[in-house]
Amino acid sequence: QKEVEQDPGPLSVPEGAIVSLNCTYSNSAFQYFMWYRQYSRKGPELLMYTYSSGNKEDGRFTAQVDKSSKYISLFIRDSQPSDSATYLCAMSPGNQFYFGTGTSLTVIP
Amino acid sequence: ETGVTQSPTHLIKTRGQQVTLRCSSQSGHNTVSWYQQALGQGPQFIFQYYREEENGRGNFPPRFSGLQFPNYSSELNVNALELDDSALYLCASSWTSGGANEQYFGPGTRLTVT
């Protein structure tokens with residue numbers, strides 16, 4: 001079993017839609033959770049960083065962590081064509097980072 | 001503020017050769033982590049350097065080695081290259097070691113082994 005599971009998609013939505021991206025994990029020691037956006041052939045760009053359970057909002061992005069279910073989510077409101085990218089979840093118990101495989105998102109104008 | 005930079009951008013090597021990849025950390029960061037990202041996969045942790053010492057290592061063989069310099073820049077060395085080493089190699093820097101600190105990635109070096 002992988003440490004972090006993420007549906008690779010691809011996910012295709014119309015412009016303006018709400019996008020929901022999710023990851024599950026098995027290691028209960030994970031306490032730091034991140035979402036990265038990666039455009040084709042580029043390095044990942046940090047979008048959201050959260051510690052422990054709860055919600056965090058930044059503009060059109062909301063990150064949710066449910067440690068009891070070992071489940072994290074990223075919501076994108078009013079999606080734009082420029083949001084088309086691969087979204088990676090990452091998590092850490094305090095040292096090493098573990099990444100999901102990424103979900104490919106396309107926002108259609 | 002200067003972001004994380006990596007060189008070279010692309011590299012083609014032959015199986016059995018050795019390669020050195022370079023990374024300059026973001027200003028003010030003292031920790032560098034290296035990742036290997038195969039096509040269609042998430043980044044896999046290779047190792048981390050904190051204050052010039054290796055500070056954690058993933059499931060990679062000893063032919064993957066690294067260095068961190070006093071200015072916190074870093075090198076990744078891979079000996080005896082194999083075809084499966086073809087990947088995007090990413091460097092990430094942070095203020096200090098540990099998952100409690102946000103990591104910022106460079107653009108990566110794309111290595112092709114033929």
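Protein chains get the first letters and strands the later ones, always in sequence-line order, with residue 1 at the start of each.
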Residues of residues 56-80 of chain B within contact distance of chain A, non-hydrogen under 4.5 Å: B:Arg57, B:Gly58
Side-chain heavy-atom pair A:Arg41, B:Arg110 within 4.5 angstrom cut-off: yes
Around atom CZ of B:Arg15, are there more than 12 heavy atoms of other residues, nucleotides or ligands at under 6.0 Å? no
A:Tyr39: which residues meet the ring pair (Phe, Tyr, Trp, His ring centres under 6.0 Å) condition with it, sequence neighbours left out? none
State, yes or no, whether a side-chain contact exists between B:Gln37 and A:Gln38 at a heavy-atom distance under 4.5 Å. yes
Tell me if the NZ atom of B:Lys13 is crowded by more than 12 foreign heavy atoms within 6.0 Å. yes
A:Ile72-A:Met48 co-clustered via ILVMFWY side chain contacts under 4.5 Å: yes
By ring pair (Phe, Tyr, Trp, His ring centres under 6.0 Å) - contacts of B:Phe105 (at least two apart): A:Tyr36, A:Phe99, B:Tyr35
Do B:Leu111 and B:Leu90 share a hydrophobic cluster, counting only Ile, Leu, Val, Met, Phe, Trp and Tyr and linking them when any side-chain heavy atoms are less than 4.5 Å apart? no
Rounded distance [0.5 Å steps], CG in B:Asn55 versus CD in A:Gln96: 11.0 Å
Shortest non-hydrogen separation from B:Leu88 to A:Lys42 and the atoms involved: CD2-O, 4.2 Å
Should we count CG of B:Leu39 as having more than 12 external heavy atoms under 6.0 Å? no
Using a 4.5 Å side-chain heavy-atom cut-off and chaining through intermediate ILVMFWY residues, the residues clustered with A:Ile108 come out as none
